[in-house]
Amino acid sequence: MCCNTTKFAAYFKVNSKMRYNFNDIEKKWQDKWAQNETFKASNKSDKPKYYVLDMFPYPSGAGLHVGHPLGYIASDIYARYKRHKGFNVLHPQGYDSFGLPAEQYAIQTGQHPAVTTEANIKTYRRQLDQIGFSFDWSREVRTSNPEYYKWTQWIFIQLFESYYCKDSDMARPVSELVEVFKTEGNTRINAACDDDVELFTAEDWNAYTSEQQQEILLKYRLTYLAETEVNWCPALGTVLANDEIVNGVSERGGHPVIRKKMTQWSMRISAYAERLLQGLDTIDWTDALKDIQKNWIGKSVGASVTFNVIPTEQSDEESHTISVFTTRPDTIFGVSFMTLAPEHELVAKITTPEQKAEVDAYTEATAKRSERDRMADVKTISGVFTGAYAEHPFTKEPIPIWIGDYVLASYGTGAVMAVPCGDQRDYGFAKHFNIPIPNIFDGVDISEEAFDSKDNVKIANSDFLNGFNYKKATKRAIYELEQIGQGEGKTNYRLRDAVFSRQRYWGEPFPVYYVNGMPQMIDAEHLPLTLPEVEKYLPTEEGEPPLGRADVWAWDTKNNKVVSNEVLRQAQHDQTNDNVIPTERSDEESHNGVYPLELNTMPGWAGSSWYFFRYMEEQAKRDEAFATEDALKYWENVDLYIGGSEHATGHLLYSRFWVKFLYDRGFVGIDEPFKKLINQGMILGTSAFIYKIEPIITYYGENVNRGKPLEEISDELCVGDYFISKSFIDKEETYPLYGEVQFHNEELQLRFKEIFLQRFKGFTFSDGNDYAQRFIDNIEKFEVDGIFACKRQVDISLLEGSSDYLDIDAIKQDTRYSDWKDAEFIKEDDKFLTLREPEKMSKSKYNVVNPDDIVEQYGADSLRLYEMFLGPLEQYKPWNTAGITGVHGFLKKLWKLFHQGENGEFYVNPSPLGKSEGAESLKTLHKTIKKVEEDIENFSFNTSVSTFMIAVNELTAQKCTSKDILQPLLVLISPYAPHIAEELWEKLGHSESISTAPFPKFEASHLVESSKNYPISFNGKMRFTMELPLDMDKDEIEKTVLANEKTQEQLQGRTPKKVIVVPGKIVNIVG
RNA sequence: GUGGGGAUGGCGAAAAUGGCAAACGCACCUGACUUAGAAUCAGGAAUCUGAGAGUUCGAAUCUCUCUCCCCAUACCA
């Protein structure tokens, strides 16, 4: 009967209603979801909340490639799953729409970044929509929207108005600080501040001018203006944060970066170092990511030690001290010299006249070396003696003071107490300059290298520390240093304050204007301060940031609005005419209340440090606050955050910092933004390469001169462009040559010899290359005895279909490859095979696959399934379009499962399934429920796709049509392939979306087995299987198995030494 | 150098708790249906877990040694 049906269907054209018409289905449901606002989250619900967030994208001009949606698909599956599980899910999306690429494009084309950004967002939105994400778009954010960055500016103002109190270990209002200053000065203040803060009394404070007070307060504020050494990138015309620099060049574009002193806004993130570190223990992130942040924060516990410099006759009257930070105060008696960074301020003061020339030369040389050189070159030991000596705090022995560039000015105090026996760098330095290496470790040989372990330390030759271990000696050393007032226990962090200014146009303007050079905040009620128009997006001729070009960019404090610079100039002009001494008359009067606005803009991470709170608020209430208290209270923090690991030390650290700050000041109720975080791996492109070949020739004269590719001898000896199918190389043994390969192939060698004799016999070189000419003159003595092959990248669009074969006609017609239009492509079996290698997917590598094409050809559901099917979420894996037919075929089979009626009509059997006749199908269903639920909870999406395939294969084989089976199956699949699930759900008679249908309940009873097919092993090797009842006990199993004739056959008369029976698992017979 | 993660067929991969290695899919081969292709259906093959040692009745899984690859970080005192 059934066979007939299959045959039957084959004879008749299946009409379109019955076919899996994914394009129509997907469009239909995407429209419906949008119309019905199916995925709109509510801020009031009886259901428990769940917040699933993706790292929002920067909308680049290139649009999405198939690698981008990977994380979005995973989070969407999880969000949909949680809805089935009865949660009120917030799953929003938006755009990190300020940024460099739009601005670079604006510089090149003159187009306003807002315009290109808008266009790019449209493309992104279209691409995202067609993949069928369950985003609540009503909550979209764009960081470049004034209604959004109004609140970024607002947070900035809060940071400005706050300082970090170390006593209460939290941020507090600056106004509180001022109160204390007024009544008791700063002597008892324990706050995070600049190093150079001087002590003052209440009287001092009250006597200071307003400017002096403001200057002092800046040293305490959480965002402050300070002259800092910054990473200046001339090519980009801006400063970069430490995490925006990779290997000494800019992360974007790879431009060189130099050190430069500039007045910049900075964020006092260092105040939060300890809490950022401790907070890691409270969140569910991968260890890898936590380790990266831990290393970045770089906590080290030790002591600060002060050394007195021994005055010499030549030195000035002042007495100097050198303060150092050490993690090994226990090795204090091992100090045999000190090293200062060449930039250290004491260098000039303590250097003796005899050493001056040498020291100057050295400092000058290191200053010239770029950071990059210094970083790359860690092997060379260099340094100079200053001629000065410091006094050992305990032994009072003189210690020579050196300078060396292995000491970094930016870490600790820029000086170290060198303990060569306990630190390998100090050891190397001492060896190199013949400085003594006293051994203070008992029973340790330091003749070859330093002993830098903290374990099994027994201190010797160290006065009161003798015989102590690391822990005890450290404690004692600190105690003794404190006694003589030359040191104390100290903890150091590597984490530096983050520079917050960018000399760029396309970013948030600072809500700041300047009165007498002192920054003033614009009142929050007048925000947003919107970006002004400029005629060009480049720095000004004077080197000011692009905002310096704005004509309307002055702040009128009387009317609280932005006014033309003309007004400002007029006011300044009046002032000069009045000939008033500015300090005498208040600046406010002189400017007529109009002041210059800040010209820098905020960095990319400003807007992304708090956007997750913005999503919590509904559009209607977004004017009131960055998010209302109710919304913040309801959603708390992000339950699941998915994104790339490249943000480990940028976005993910800065967000945590801002959230802790907002928490301290009572603006939010949580102090960690992202409870659980998963880094999705990257989908790699599969680049295509072809092999260009050249003959390798050997001279067989009196001296055999072996193996050179022809073009190595002279460029003029070009035999033309030849490419070979990779299949040639696969057959031959290859050897490396010049980073590429060489191999032998008689046929090709002969061919090249002919060509080359024909072309170059009697050839004269135009450039008078003697070496090459001599070679040609002896042309008969040369043999082509190898082939040199080098890889050339080609666009994957030039391949035939999704195969690895090159379409030669296509490449010859492609203008990008016009150099090769006369080249010869040597095929094999009429095919030209390319080499395929996975690489990062990028336009420049010609290996980009566009999701639009995939969706059109296979549908969004296929794309979603395939991205998941590719492999574990966190792993890097190559994309291969050919494989998508597998999951696509699965969807078709699923469709067919619901269309087993006559002529392939939709059919499911609604009658309830009896226990006995449905046992097989129930078993399939419930093992699928169990596995899929486990998989989703473990974010193992690839294995659940396999599970679906198995289920559909089994149900197809069972010819299952029961609604009791197929309906719950649909809910399981729905998070992965929502469109087809909705369509079939509707066909099942539902009028509501499948998206909130309850997740099927797993019932173990359906999986209960009565027997087990036992593998019977002999000495651990499985030989055959035996079906035995599961309730059979150990002895019984052993008896039955041994009695079996196959067992006897295996034993060949031997008596088993031992029989291992694990009921329900295995039987192993030893002997 | 340091920290993290890996290594399983031609490819992507799967195998809580040690218990039939390679499920699922791609590619490959054969057959059916087709004028042919596409699609679909039925069937098939192979390779033996990076190397070495150990623990065990039994190891992809646990322990040790080594090799290679990827990522992060880099003179942090």
(message) Under 4.0 Å, heavy atoms only, any strand: does N492(A) hit a base, just the sugar-phosphate, or nothing?
(response) nothing
(message) Measure CG/D330(A) against P/A77(B) and give the value in whole Å, please.
(response) 13 Å
(message) Going by side chain to side chain donor-acceptor pair (under 3.5 Å), name the residues that satisfy it together with S946(A), two or more places apart in sequence or in a different chain.
(response) none
(request) Only counting residues at least two apart or in another chain, list the ones meeting salt bridge (Lys or Arg N to Asp or Glu O under 4.0 Å) with K1065(A). (result) none
(request) List for me each residue that meets salt bridge (Lys or Arg N to Asp or Glu O under 4.0 Å) alongside E954(A), sequence neighbours excluded, and say none if there are none. (result) K927(A)
(message) So, using salt bridge (Lys or Arg N to Asp or Glu O under 4.0 Å) as the criterion, who are the partners of D291(A) when residues are at least two apart?
(response) none
(request) Would you indicate what E934(A) reaches in the nucleic acid, counting non-hydrogen atoms under 4.0 angstrom: base, sugar-phosphate, or nothing? (result) nothing
(request) Using a 4.0 Å cut-off on protein heavy atoms (strictly under), produce a 5'-to-3' string for nucleotides 16-23 of chain B with B for base contact, S for backbone-only sugar-phosphate contact, and - for none. (result) -B-BB--B
Taking only N/O atoms, report every protein-nucleotides 5-10 of chain B pair under 3.5 Å with atom names and distance.
none

(message) With a 4.0 Å cutoff (strictly under), does any side-chain N or O of Q424(A) reach OP1 or OP2 of A77(B)?
(response) no
(request) Mind jotting down which residue pairs meet the salt bridge (charged side-chain N to carboxylate O under 4.0 Å, His left out) criterion with at least one end in residues 292-306 of chain A? Sequence neighbours excluded, please. (result) E274(A)-K299(A)
Give every donor-acceptor pair under 3.5 Å between a side-chain atom in residues 325-335 of chain A and any protein atom, sequence neighbours left out.
unit_1  : atom_1 : unit_2  : atom_2 : d
T326(A) : OG1    : R328(A) : N      : 2.9
R328(A) : NE     : D330(A) : OD1    : 3.0
R328(A) : NE     : D330(A) : OD2    : 3.4
R328(A) : NH2    : D330(A) : OD2    : 3.0
T331(A) : OG1    : R328(A) : O      : 2.8

(message) Treating primed atoms plus P, OP1 and OP2 as sugar-phosphate and everything else as base, which nucleotides of nucleotides 40-50 of chain B get B, S or - for protein heavy atoms under 4.0 Å?
(response) S----------
(request) Check RNA chain B for consecutive Watson-Crick or G-U pairs with both distances under 3.5 Å and list the runs of at least three as stems. (result) B:1-7 with B:67-73, B:10-12 with B:24-26, B:28-32 with B:40-44, B:50-54 with B:62-66
(message) Using the side-chain contact (heavy atoms from CB on, under 4.5 Å) criterion, which residues pair with T885(A)? Sequence neighbours excluded.
(response) Y858(A)
(request) Write out all pairs satisfying salt bridge (charged side-chain N to carboxylate O under 4.0 Å, His left out) with one or both partners inside residues 934-945 of chain A, taking only residues at least two apart or from two chains. (result) K930(A)-E934(A), K931(A)-D935(A)
